[in-house]
Amino acid sequence: MIPFNKPYLTGKEAHYMYDAVYTGKLSGNGKFTKKCQQFFESTYGFKKCLLTTSCTDALEMAAILADIQPGDEVIMPSYTFVSTSNAFVLRGAHIRFADSRKDHPGIDEDSIESLITDRTKAIVPVHYAGVACDMEKIMAIAAKYNLLVIEDAAQAIDSYFTFSDGTVKALGAIGHLAAFSFHETKNIISGEGGLLAINDDRFSKRAEIIWEKGTNRSAFFRGEVDKYGWVDIGSSFLPSETIAAFLWAQLENLDDIQSRRKQHWNTYYEGLKEWAEKNNVGLPQIPNFATNNAHMFYLVCESIEQRSAIIERLKSNNISAVFHYLSLHKSPFYNEKHDGRELPASDFYSECLVRLPMYYELKQNEIEQIIEVIKA
Ligand SMILES: *Cc1c(COP(=O)(O)O)cnc(C)c1O
């Protein structure tokens with residue numbers, strides 16, 4: 001049996017969790033939380049980082065920080081996970097869903113400007129499969145209309161964007177805010193877990209308060225105020241130290257994890273390239289401005305029938321492949337609220353994209369077996 005995903009343990013996770021437990025510091029914002037946050041800040045150039053219990057939580061924090069009010073509009077792709085939109089809908093936002101690109105499931109950057117109205121507050125690009133959206137284009141639109149950009153970088157750890165002047169920035173370091181996930185299906189994991197990256201100083205102080213249930217507790221512990229109390233809205237967004245301890249073990253092995261996943265990705269790509277071209281099946285595209293963090297390997301089939309046949313054939317060979325994301329503008333919850341525009345590319349990926357097994361411990365011969373079954 002080849003599963004779709006298998007969480008990878010580097011070996012140090014339980015050791016660091018034991019350390020956290022026996023140090024007697026179990027709640028959040030302790031030694032391991034700070035180590036992880038500093039790692040992200042120094043490795044990727046995020047201005048300020050706060051660990052969260054999920055990417056969903058980081059997005060909810062971002063929606064609060066963006067001061068989304070009922071009736072405000074937020075632009076994002078329809079082809080994404082529910083949390084991308086839920087976080088904003090919770091604050092009363094109306095979602096203006098954009099279509100995907102024809103050559104890639106990411107947001108069609110050229111469709112964004114026509115969706116902007118006086119109520120638009122933010123653009124939320126999703127770096128699908130860890131492959132960058134055209135952030136230069138998106139940041140320029142945002143600057144022109146004075147909008148916030150919140151990157152859904154759930155899948156995008158250790159991936160980069162190159163600007164036309166040659167500047168390279170990590171995904172998550174470009175928008176005003178960015179949210180990452182450490183869910184067990186992502187490259188770097190802590191079971192459930194996430195991160196909010198704050199790149200605009202305007203939000204730093206308030207982010208910490210929202211993170212600590214609406215109190216100025218963090219400032220109190222730094223000795224900046226002599227008592228702490230309720231100063232804003234907030235929630236319990238910070239993970240316990242045991243989660244951060246687990247995450248730290250993963251971060252120590254980030255390079256190894258990434259290089260192994262890239263090997264897998266290349267084996268798939270080389271093995272399927274010719275077959276895909278002959279059979280009119282799409283493979284992941286990496287634009288020149290983007291890098292590949294090997295989060296995902298997928299096929300874009302010609303039809304839903306072809307996809308079902310491939311999934312069935314893999315299943316009968318004990319290989320688990322999955323599809324995901326039904327266009328959110330057609331979801332039972334949002335269908336009625338959507339403005340009625342057709343989003344054909346998003347629907348196309350909903351019906352035709354299939355993800356192949358991708359995890360650290362996948363073996364070379366297993367990938368070769370998967371490739372043979374697909375080709376057959
Ligand atoms: C995984 C994922 C999320 C949610 O992450 P959680 O940590 O599970 O909350 C949000 N958006 C995208 C694009 C994702 O892939």
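Counting starts at 1 for both ligands and their atoms, in listed order. Everything numeric in this text was worked out from a predicted model, so none of it was measured.
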Co-membership, hydrophobic cluster, residues Met139 and Ile107, 4.5 Å side-chain: yes

query: So which protein heavy atom does atom 3 (C) of ligand 1 come closest to, and at what separation?
result: Phe81 CD2, 3.6 Å

query: Should you measure from each heavy atom of Val126, which atoms of ligand 1 turn up under 4.0 Å away?
result: 13 (C)

- prompt: Do NZ/NE/NH1/NH2 and the carboxylate oxygens of Glu208 and Arg222 come within less than 4.0 Å?
  reply: yes

- request: Specify the protein heavy atom at minimum distance from atom 7 (O) of ligand 1: its residue, its atom name, and the distance to 0.1 Å.
  value: Ser181 OG, 2.7 Å

field: Which of the ligand 1 atoms, numbered from 1, are nearer than 4.0 Å to a heavy atom of Ser54
entry: 7 (O), 9 (O)

message: Taking a cutoff of less than 4.0 Å between a non-hydrogen atom of the residue and any ligand atom, is Ala179 in contact with ligand 1?
response: no

query: Hey, which atoms in ligand 1 end up nearer than 4.0 Å to a heavy atom of Gly193?
result: 7 (O)

- prompt: At a non-hydrogen distance cut-off of under 4.0 Å, which region of Tyr325 contacts ligand 1 (side chain, backbone, both, or neither)?
  reply: side chain

query: Nearest protein heavy-atom contact for atom 11 (N) of ligand 1: which residue, which atom, what distance?
result: Asp152 OD2, 2.8 Å

field: Check: Thr80 N/O within less than 3.5 Å of ligand 1 N/O
entry: no

- prompt: Would one find an N or O of Ser83, backbone or side chain, under 3.5 Å from an N or O of ligand 1?
  reply: no

- request: Could you find the nearest protein heavy atom to atom 2 (C) of ligand 1 and give me its residue, atom name and distance?
  value: Lys186 NZ, 3.1 Å

Asp200 and Lys47 ion-paired at < 4.0 Å: no

- prompt: Can you check whether Cys55 has an N/O within less than 3.5 Å of an N/O in ligand 1?
  reply: yes

task: Please report the C-alpha distance between Tyr325 and Tyr298 in whole Å, then the side-chain angles of each, then the deciding distance to 0.1 Å, and finally whether the ring-ring contact (aromatic ring centres under 6.0 Å, His included) criterion is met.
output: CA-CA 13 Å; Tyr325 301 162; Tyr298 60 83; over 10 Å; no

message: Parallel, tilted or perpendicular: which one describes the rings of Phe297 and Tyr269, with boundaries at 30° and 60°?
response: perpendicular

- prompt: For His183, is at least one N or O under 3.5 Å away from an N or O on ligand 1?
  reply: no

task: May I ask you to identify, for Thr56, whether its side chain, its backbone, both or neither come under 4.0 Å of ligand 1 on a heavy-atom basis?
output: both

Side chain to side chain contact (heavy atoms under 4.5 Å, CB included) between Ile198 and Ser204, worked out: CA-CA 6 Å; Ile198 301 133; Ser204 304; 4.1 Å; yes

- prompt: Just by distance, with hydrogens left out, do Ser164 and Glu136 show a side-chain donor and acceptor under 3.5 Å apart?
  reply: yes

query: What residue and heavy atom of the protein are closest to atom 15 (O) of ligand 1, and at what distance?
result: Gln155 NE2, 2.8 Å

field: Check: Phe182 ring centre within less than 6.0 Å of Phe180 ring centre
entry: no

task: Decide whether Glu351 and Ser303 meet the rule of one side-chain donor and one side-chain acceptor closer than 3.5 Å.
output: no

message: Below 4.0 Å, non-hydrogen atoms only: which portion of Ala154 touches ligand 1? Side chain, backbone, both or neither.
response: side chain

Test: Glu361 and Lys6 ion pair at under 4.0 Å: yes

